[in-house]
Amino acid sequence: GLAHVERPTWMDEDNNPYRLADRFAWAESDLDIHPSLESTISELTERRRRVAAHLQLVHGDLLEHVLFDRDDGPAVIDFSPYWRPTAYASAVVVVDAVSWNDAPVVAIDAFAQRPDGAQMLLRALLFRAAIPAQQEHPNPAEVAGHKRCASLILNRAFGAKHISPLDA
């Protein structure tokens with residue numbers, strides 16, 4: 001496990017779009033947000049609350065970076081390190097699965113029941129949505145996937161009466 005690893009100091013100096021999105025998701029910095037995601041991201045940040053969770057080194061992009069072999073078991077590849085709660089890494093998997101792979105919505109329901117689950121889902125989606133939100137011309141399909149996931153998370157994990165911009 002990674003629980004014993006000390007926080008890498010270079011994480012504070014790295015300013016690539018993924019690190020910036022991560023800091024934004026955790027309210028550690030601000031970003032200029034593309035208008036196509038501005039209202040969605042605003043709705044999410046309004047519901048962001050403090051969480052008291054142990055921070056450690058986690059893989060922040062697991063969904064597409066695990067290879068399975070029936071003889072040797074799973075192998076994690078392309079490590080994307082972040083200093084966050086372990087539940088957050090799992091929430092990123094849920095958000096990615098719902099946004100990109102049409103995973104069943106029960107994944108959101110089940111995860112939201114965990115301690116701080118709704119907040120972890122919210123931050124995971126803020127992280128993912130803040131990546132294209134930094135671009136001058138974000139991919140419309142990616143924006144639509146994040147908006148769909150935001151609607152599901154707001155409705156199911158927060159009980160908000162939210163109508164998806166895709167349904168309006």
Side-chain angles (χ1 to χ4, degrees), residues 7-53 55-65 78-103 105 107-108 111-112 114 116-158 160 162-166 168:
R7 186 178 195 285
T9 56
W10 60 262
M11 286 183 160
D12 294 329
E13 299 159 10
D14 191 359
N15 287 317
N16 69 55
Y18 299 94
R19 291 270 169 244
L20 295 173
D22 173 65
R23 290 182 200 127
F24 174 77
W26 288 85
E28 296 170 356
S29 67
D30 289 325
L31 284 178
D32 290 329
I33 303 297
H34 189 274
S36 65
L37 282 160
E38 199 168 27
S39 65
T40 299
I41 287 177
S42 177
E43 282 188 78
L44 295 168
T45 57
E46 286 173 13
R47 289 173 175 79
R48 188 172 45 198
R49 304 289 181 264
R50 279 192 59 148
V51 293
L55 302 179
Q56 71 170 62
L57 195 62
V58 298
H59 191 316
D61 195 13
L62 275 169
L63 186 65
E64 301 291 329
H65 296 104
D78 195 19
F79 185 61
S80 299
Y82 292 90
W83 193 255
R84 298 296 173 208
T86 56
Y88 171 71
S90 299
V92 173
V93 171
V94 172
V95 164
D96 288 353
V98 170
S99 294
W100 301 337
N101 297 327
D102 286 330
V105 226
I108 291 172
F111 200 89
R114 297 171 69 171
D116 291 325
Q119 286 295 316
M120 295 297 165
L121 287 168
L122 183 134
R123 282 171 173 74
L125 182 56
L126 279 170
F127 166 63
R128 284 302 193 206
I131 295 165
Q134 296 174 65
Q135 299 168 356
E136 188 175 343
H137 302 288
N139 178 319
E142 191 174 0
V143 169
H146 294 317
K147 286 183 176 186
R148 176 182 169 275
C149 191
S151 180
L152 291 169
I153 288 172
L154 290 169
N155 286 324
R156 301 182 81 88
F158 288 88
H162 177 80
I163 298 184
S164 169
L166 304 175

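We number each residue from 1, following the sequence as shown.
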- Query: Does the side chain to side chain contact (heavy atoms under 4.5 Å, CB included) test come out yes or no for Trp26 and Val51, once each step is laid out?
  - Reply: CA-CA 10 Å; Trp26 288 85; Val51 293; 3.6 Å; yes
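- Shown here for Ala91 and Leu121, the closest heavy-atom pair between the two residues is CB-N, 3.8 Å.
- Around CZ of Phe158, the count of heavy atoms belonging to other residues, nucleotides or ligands within 6.0 Å exceeds 12.
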- Check the pair Asn15 / Leu20 against side chain to side chain contact (heavy atoms under 4.5 Å, CB included), numbers first and verdict last. CA-CA 6 Å; Asn15 287 317; Leu20 295 173; 3.8 Å; yes
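- Under a cutoff of 6.0 Å and an axis angle of 45°, Arg48 and Phe127 do not form a cation-pi pair.
- Taking CG of Asp22 as the reference point, atom OG of Ser80 lies at 11.0 Å (rounded to 0.5 Å).
- For Asn155 (side chain) and Ser151 (main-chain N/O), a donor-acceptor pair under 3.5 Å exists by modelled atom type.
- Note: Ser42 OG to Leu37 CG = 12.0 Å, rounded to the nearest 0.5 Å.
- Between Asp61 and Arg128 a salt bridge is recorded (basic side-chain N to carboxylate O distance below 4.0 Å).
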- Message: Does Arg148 form a side chain to side chain contact (heavy atoms under 4.5 Å, CB included) with Leu152? I'd like the steps, not just the answer.
- Response: CA-CA 6 Å; Arg148 176 182 169 275; Leu152 291 169; 3.9 Å; yes
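- Here the CD1-NE2 distance, from Ile153 to His146, works out to 11.0 Å after rounding to the nearest 0.5 Å.
- Closest approach of Arg23 to Ser29, counting heavy atoms only: CB-OG, 3.4 Å.
- Expressed to the nearest 0.5 Å, how far CD1 of Ile33 lies from OG1 of Thr40 amounts to 10.5 Å.
- Between Met11 and Leu57, the closest side-chain pair of non-hydrogen atoms falls below 4.5 Å.
- Across all their heavy atoms, Arg47 and Gln119 have their closest contact at O-NE2, 2.8 Å.
- Using a cutoff of 4.0 Å between basic side-chain nitrogens and carboxylate oxygens, Arg7 and Asp12 are scored as salt-bridged.
- Without hydrogens or angle criteria, Glu142 side chain to Pro138 main chain gives no donor-acceptor distance under 3.5 Å.
- Heavy atoms of other residues, nucleotides or ligands lying less than 6.0 angstrom from CG of Asn16 number more than 12.
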- Item | Verdict with reasoning, Lys147 to Glu38, per salt bridge (charged side-chain N to carboxylate O under 4.0 Å, His left out) | CA-CA 11 Å; Lys147 286 183 176 186; Glu38 199 168 27; over 6 Å; no
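- Annotation for Ala21 and Ile131: closest pair CB-CG1, 3.6 Å, computed over non-hydrogen atoms.
- Inter-residue side-chain proximity for Arg49 and Asp116 is flagged as unmet; no heavy-atom pair is nearer than 4.5 Å.
- Leu125 approaches Ser99 most closely through the heavy-atom pair CD1-OG, 4.5 Å.
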- Test side chain to side chain contact (heavy atoms under 4.5 Å, CB included) on Phe24 and Ile41 and set out the steps. CA-CA 11 Å; Phe24 174 77; Ile41 287 177; 3.6 Å; yes
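- Here the shortest heavy-atom pairing between Pro85 and Met120 reads CG-CE, 3.7 Å.
- Across Phe79, Tyr88, Trp83, Tyr82, a single residue satisfies ring-ring contact (aromatic ring centres under 6.0 Å, His included) together with His59, and that is Phe79.
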